[in-house]
Amino acid sequence: MLEQRTLTKETVEKVGETVTVFGWVHARRDMGKLVFFDVRDASARLQIVGVPPELATDEDREALSALRAEYVVAVTGVVQQRGAKQVNPDQATGTVELLAKQVRILNESKTPPFEIDNEERQAGEELRLQYRYLDLRHERLARNLRLRDAVVTFFRDYMHAAGFIEIETPILMKGTPEGSREYIVPSRLHVGKFFVLPQSPQQFKQLLMVAGFEKYFQIARCFRDEDQRGDRQPEFTQLDFEMSFVDAEDIYQFTEAMMIELVRRVTPEKKITQIPFPRMTYAEAMERYGNDKPDIRADKTDPNELGFCWVVDFPMFERDEEGNIAAKHHPFCAVHPDDRALLDSDPLAVRANAYDLVMNGYELSSGSIRIHRREEQKKIFDILKISPEDQQRKFGHMLEAFEFGAPPHGGFAPGIDRIVMLLAGEPNIREVIAFPKTGDARDPLMGAPADVDARALHEAHIKLEN
Ligand code: ASP
């Protein structure tokens, strides 16, 4: 450590003491002969009263006149109580200020491309993302990432306390059919072969149930090469989990209790519209609300209201854009027990044992009870018109695993980005991701995606068309 450091947040308990704070210059204000500025560190922000001219050394004077926004400084001084009128109740250190005795500049800063101390005047998103490390200095974004950390920590603790084990699954894998285009990764060692990035750990988590873990979870990164929308990103994070020997009711009850506890612990100022969360079937949701993610809040203008609801009994199949029959969620969902007889005669009328959790009109999570018998899985693949050869080539490992004592199982995968977005009251998930992509799936900070050099292409056995 550089020397005895006091965090700005700690100064409220150190009135009368001489301390040294380290941080960034935030909002410099010159008032006559006195210079005021804030020092911002990771803990909070503290008002500094510059060394009064009559007490300043040449060095102090020089430092004070050189100080600009975002300079890195060490300030030594005496913590003093602010007068009653100067107290700022909105700031963690609003009752105190530091009367500087010495100001040292540890590093300079160019003038940032946008103001850090003014939330109102936000720059355009391209610029914000290009200088994301400066954008993240904004209090709001820093607060969002801390909230995200609190949410993830809560989930990890909750899952462990409930007997789940966190297991990492591969990022380099073979395709999983969950309805999206996959990112592909060439293999250097196996000419002409490719890995794909997981759309979700779906198949691995099911295989972990076959392996006998019974309760798995993972804070899992998922990758989907889709056209982007406001609440979508090419990579996003799920609380992915799977349980054995459960039915849908177990998943509802477990998840519902967890979400209620999350809100109570992490954002206690929020209130939930209705507990237990209302449940409706997909058919009811479509009829009553015209969509499958109804916003059930009583007051949609109240930023503190959270309207959770369950939408259950999703259709098993749908027609895709080309008119072909496709899985509505994914082909591993179990068929609703009452609808087995319809599989041959009227597959589009078949319901899956599949459910969504919805909050404020957003789909927070999808899940289902899964197929765990080879013949049933084969039957679904047949209906999806996947040829026996393709079934074997693409999913032979799943069909085979189901022949070795696969237990009944099911799971769910709440989207962390959306949960944090809604708890933070942000309009899109980019505001709660440290380094998100733009709406058209680019990273302006690093400039990705980017060209790779000819040698790397050659080693990956790739020839570009032009
Ligand atoms: N893998 C599914 C998804 O990403 C979630 C699940 O069925 O558990 O939507």
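Keep in mind that what you see is a predicted model, and the values were worked out from it rather than measured. Numbering of ligands and ligand atoms starts at 1, following listing order.
At a 4.0 Å heavy-atom cut-off, the residues surrounding ligand 1 are Glu178, Ser200, Gln202, Lys205, Arg224, Gln238, His329, His330, Ser366, Gly367, Arg370, Gly411, Phe412, Ala413, listed by chain and number.
Qualifying salt bridge (charged side-chain N to carboxylate O under 4.0 Å, His left out) partners for Glu10, counting only residues two or more places apart in sequence or in other chains: none. Checked against side chain to side chain donor-acceptor pair (under 3.5 Å), Asp338 has no partners two or more places apart in sequence or in another chain. For Arg45, the salt bridge (charged side-chain N to carboxylate O under 4.0 Å, His left out) partners at least two apart in sequence or on another chain are Asp38, Glu139.
A salt bridge links Arg221 with Glu235: the distance from a Lys NZ or Arg NE/NH1/NH2 to an Asp or Glu carboxylate oxygen falls below 4.0 Å.
Here the two rings, on Trp310 and Phe412, have centers that are under 6.0 Å apart.
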(message) Test side chain to side chain contact (heavy atoms under 4.5 Å, CB included) on Glu375 and Phe402; report intermediate values, then the result.
(response) CA-CA 9 Å; Glu375 280 321 304; Phe402 289 163; over 6 Å; no

